[in-house]
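In this chain, numbering begins with 1 at the start of the sequence shown.
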Amino acid sequence: DQDARTEDGGHQERGKHGREAVDRVRQPHHRLVDPAANPATGRARRFLPVAGDPSSLGHRYVTSLLEDASGRLWVGTGGGGLNRVDRSDAGQVRFVRVTERQGLIDDDVTGMLADDDGSLWVSTRRGLSRFQPERDALTNVFVSDGLPSAEFESGSVARGPSLLCF
């Protein structure tokens, strides 16, 4: 198999016979695709990490998706941290990563919830992070802060009227 860049700067994966390996909206579980890429044909665009390109998706394994109150799409990945999807007016897509380098507790995101104040709570394999996108600020919560365990399971997040549950 070989990977190739699309004309619009995206990334597509090609199969052994040169056909697009992912060319319809039906996609394998845990992969990020853009079903709005071409509504006329129904073709989807698959996003993959590209070595050396910090504006590509942080990791190929997508663990969680969240649209915040401002309409921004956030992608949690299993090894590439938290990624914000930025789409230009021309339809170009780039990812802005929030990783351990910026202070995220761990790059293996297992879940996300939005708080009423706009904060994103990000559960990981090593603890919990509160990310405030408007301030670009991170606060980490550890077992020593009262967490019953540092490791959170994928998808084990829920929100109630006045509770965030992990």
Side-chain angles (χ1 to χ4, degrees), residues 3-14 20-140 152 154-155 157 159 164 166:
D3 291 345
R5 281 226 178 254
T6 61
E7 288 179 19
D8 66 355
H11 192 76
Q12 69 185 14
E13 185 175 279
R14 297 211 175 258
E20 287 185 30
V22 287
D23 107 49
R24 296 278 170 220
V25 173
R26 292 182 298 258
Q27 300 298 320
H29 189 59
H30 297 303
R31 301 289 187 248
L32 184 64
V33 295
D34 181 5
N38 190 337
T41 64
R43 287 184 171 271
R45 185 171 36 169
R46 181 176 176 189
F47 297 98
L48 295 169
V50 177
D53 182 359
S55 68
S56 68
L57 185 63
H59 195 275
R60 70 184 309 126
Y61 186 69
V62 173
T63 59
S64 51
L65 297 169
L66 175 82
E67 183 176 1
D68 68 16
S70 298
R72 295 174 293 210
L73 181 62
W74 297 90
V75 181
T77 66
L82 180 63
N83 295 248
R84 186 184 72 226
V85 179
D86 283 347
R87 183 188 298 262
S88 72
D89 291 338
Q92 293 282 72
V93 174
R94 69 189 269 295
F95 296 87
V96 177
R97 300 178 189 173
V98 179
T99 65
E100 288 181 53
R101 285 184 183 182
Q102 288 80 31
L104 190 66
I105 200 166
D106 184 26
D107 286 340
D108 193 356
V109 174
T110 58
M112 295 181 288
L113 286 175
D115 206 340
D116 291 339
D117 67 0
S119 297
L120 301 180
W121 289 88
V122 182
S123 62
T124 73
R125 296 282 179 205
R126 290 187 17 222
L128 189 63
S129 289
R130 177 183 180 214
F131 178 58
Q132 296 170 283
E134 303 308 324
R135 295 182 44 224
D136 200 28
L138 277 155
T139 305
N140 295 316
F152 292 88
S154 285
V157 297
R159 180 172 175 149
L164 300 176
F166 297 90

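Judged by distance alone, the side chain of Ser56 and the main-chain N or O of Val50 form a donor-acceptor pair under 3.5 Å. Looking at Ser88, its side chain does come within 3.5 Å of a backbone N or O of Gln92 through a donor-acceptor pair. Judged by distance alone, the side chain of Asn140 and the main-chain N or O of Gly103 form a donor-acceptor pair under 3.5 Å. Side chain of Thr63 to backbone of Gly76: a donor-acceptor contact under 3.5 angstrom is found. Under a 3.5 Å cut-off, the side chain of Ser129 and the backbone N or O of Ile105 do form a donor-acceptor pair. Although no hydrogens or angles enter the test, the distance criterion places no donor-acceptor pair under 3.5 Å between the side chain of Asp115 and the main chain of Ser119. Between the side chain of Asp108 and the main chain of Thr124, no donor-acceptor pair closer than 3.5 Å is present. Side chain of Thr99 to backbone of Gly81: no donor-acceptor contact under 3.5 angstrom is found.
Val96 is not listed as a side-chain neighbour of Asn83, based on a closest heavy-atom distance of 4.5 Å or more. Here the side chains of Ser123 and Val109 are not in contact, with every heavy-atom distance at 4.5 Å or above. At least one side-chain heavy atom of Val85 sits less than 4.5 Å from a side-chain heavy atom of Val75. By the 4.5 Å heavy-atom criterion applied to side chains, Leu57 and Thr77 are counted as neighbours. The side-chain heavy atoms of Thr110 and Arg125, taken from C-beta on, include a pair separated by under 4.5 Å.
For Glu67, there are no salt bridge (Lys or Arg N to Asp or Glu O under 4.0 Å) partners two or more places apart in sequence or in a different chain. For Asp136, there are no salt bridge (Lys or Arg N to Asp or Glu O under 4.0 Å) partners two or more places apart in sequence or in a different chain.
Annotation: salt bridge (charged side-chain N to carboxylate O under 4.0 Å, His left out) contacts involving residues 95-105, sequence neighbours excluded, comprise Glu100-Arg126.
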Chi angles and distances behind the side-chain contact (heavy atoms from CB on, under 4.5 Å) call for Leu66, Leu113: CA-CA 7 Å; Leu66 175 82; Leu113 286 175; 5.8 Å; no
Audit row: Leu138, Leu104, side-chain contact (heavy atoms from CB on, under 4.5 Å) steps and yes/no: CA-CA 7 Å; Leu138 277 155; Leu104 190 66; 4.0 Å; yes
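A salt bridge links Arg130 with Asp117: the closest approach of a Lys/Arg side-chain nitrogen to an acidic carboxylate oxygen falls below 4.0 angstrom. The residues Arg94 and Asp86 are annotated as salt-bridged, a charged nitrogen and a carboxylate oxygen being separated by less than 4.0 angstrom.
Taking the ring centroids of Trp74 and Phe131, they lie under the 6.0 Å cut-off.
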